[in-house]
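Encoded as structure tokens, the structure appears first; notes follow it.
This one's a predicted model, so the numbers in the text were calculated from it and none came from an experiment. Throughout, numbering of the chain's residues begins at 1 and tracks the sequence. Indexing begins at 1, ligand by ligand and atom by atom, following the structure's order.
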Amino acid sequence: MKKALITGITGQDGSYLADFLLSKKYKVYGIVRRSSTEKVERIEHLRGKVTIVQADLLDQFSLIDAVKSTRPHEIYNLAAQSFVPTSWTQATLTGEFTALGVTKLLEAIRHVDDKIRFYQASSSEMFGLVQETPQTEKTPFYPRSPYGVAKVYGHFITVNYRESYDLFAVSGILFNHESPRRGLEFVTRKISDGAVRIALGLAKELRLGNLNSKRDWGYAGDYVEAMWLMLQQKRPQDFVIATGETHTVREFAEAAFDHVGLNWKKFVKVDKKFYRPAEVNVLLGNPAKAKKVLRWKPRVSFNELVRMMVDADLARLEKKKARR
Ligand code: NAP
Ligand code: F7E
């Protein structure tokens with residue numbers, strides 16, 4: 001039986017990846033950091049099916065112990081401080097988790113078993129002020145936030161350990177991917193939740209930042225399959241994972257409000273508080289290499305994604321309203 005260790009299993013991607021690997025008959029271990037309250041909402045349905053290991057990306061020895069005690073064939077490093085605005089307010093902490101945390105995990109692999117295959121969650125935020133459009137594996141990076149800068153470090157340390165120590169270590173440069181399990185502060189989920197709250201009479205308006213910003217949005221459930229495919233190849237290589245389509249925040253809001261029968265213009269207010277010190281204006285990925293080598297392609301379209309997220313928030317908030 002193949003064994004996988006996932007850091008960030010309590011996050012959006014970690015929960016979908018655990019679902020996916022269990023469907024492939026893996027034994028799944030997930031690293032969870034110690035907290036005074038349980039934060040297992042996204043993996044509640046996996047209780048008894050995955051094994052939780054306590055460790056922290058900030059703590060080298062806890063990572064070595066986690067790798068030693070589980071002896072996985074594959075490690076997926078999904079843990080990070082992943083919310084871009086927080087990376088300005090907690091810049092050094094973001095560097096500790098999102099950048100140096102990667103080295104700590106690579107060192108744990110090197111010391112326990114250098115045959116373990118390693119996946120690093122790199123990000124389209126590394127392209128930042130884009131140097132060409134669409135972005136490919138060869139596009140130079142120009143990050144625009146402490147988060148993006150930390151991810152560039154994580155990306156290159158992965159490449160460097162592959163080249164220095166011959167590790168099977170790969171980086172997936174994933175463009176934005178969303179789902180009903182997305183954190184509520186990210187713009188897509190903020191919009192799906194906000195539109196539904198307004199439709200149910202639970203809120204009067206939705207305050208957003210830059211509506212002109214463009215993102216290449218896909219579905220997280222599709223993207224975790226690409227992570228796995230990268231670790232099944234003969235040779236370790238990096239891949240861009242994207243849909244090849246880009247939409248504005250305004251278009252996302254329009255589609256979400258439309259799905260609940262409302263005109264977004266009446267309810268969305270622009271609030272400068274949500275503008276960023278430096279913005280990534282437009283991202284558009286070219287997934288041609290992933291299509292050719294991994295035979296991967298996204299299954300869920302932009303409109304299907306919006307509808308899926310709104311429908312899930314509708315079901316959740318209707319239940320909550322009924323309980324009141
Ligand atoms: P997420 O929902 O924010 O989840 C982040 C996970 O990291 C959580 O499980 C969190 O645990 C864990 N974590 C944070 N700090 C930790 C620490 N010190 N020790 C152990 N665990 C820690 O993020 P996501 O959307 O699933 O993204 C997964 C990864 O892909 C991240 O690395 C993100 O930067 C990257 N990425 C995401 C996207 C995207 O569009 N979603 C695109 C490209 C790259 P707690 O529950 O304890 O907070
Ligand atoms: O912002 C604009 C905002 O926070 C998207 C992370 O998973 O994907 C994510 O990073 C855009 C930005 O995601 C609001 O200015 C407007 O231009 O949903 P987001 P992100 O910053 O693209 C990448 C690939 C990652 O790797 C990250 O970990 O939407 N925007 N109004 C807003 N954004 C937020 N959050 N809230 C607003 O009210």
Ligand 1 contact by Y147, heavy-atom criterion under 4.0 angstrom: yes
Listed once per pair and sorted, the side-chain hydrogen bond (donor to acceptor under 3.5 Å, both in side chains) pairs that draw on residues 283-293, sequence neighbours left out: Q237-K289
H155 and F141 aromatic ring geometry - parallel, tilted or perpendicular at 30°/60° bounds: perpendicular
T7 near ligand 1 by a heavy-atom separation under 4.0 Å: no
L63 side, atom CG; L58 side, atom CG - distance, nearest 0.5 Å: 9.0 Å
Ligand 2 N/O within reach of S124 N/O, cut-off under 3.5 Å: no
Residue, atom name and distance, where the atom is the protein heavy atom closest to atom 19 (N) of ligand 1: L57 N, 3.0 Å
Ligand 2 N/O within reach of E185 N/O, cut-off under 3.5 Å: yes
Nearest-neighbour protein heavy atom for atom 15 (O) of ligand 2, which is reported as residue plus atom name and distance: E279 OE2, 2.6 Å
Atoms in ligand 1 with a heavy atom of R182 nearer than 4.0 Å: 25 (O), 39 (C), 40 (O), 41 (N)
Sub-3.5 Å N/O-N/O distance, F83 and ligand 2: no
Would you tabulate the side-chain donor-acceptor contacts of residues 293-300 under 3.5 Å, counting partners in other chains and residues two or more places apart, or write 'none'?
unit_1 : atom_1 : unit_2 : atom_2 : d
W296   : NE1    : D222   : O      : 3.0
R299   : NH1    : E225   : OE1    : 3.1

Nitrogen or oxygen of L58 less than 3.5 angstrom from that of ligand 1: no
Close-contact set for ligand 1 against S122 heavy atoms, below 4.0 Å: 43 (C), 44 (C)
Heavy atom of E125, distance to ligand 1 below 4.0 Å: no
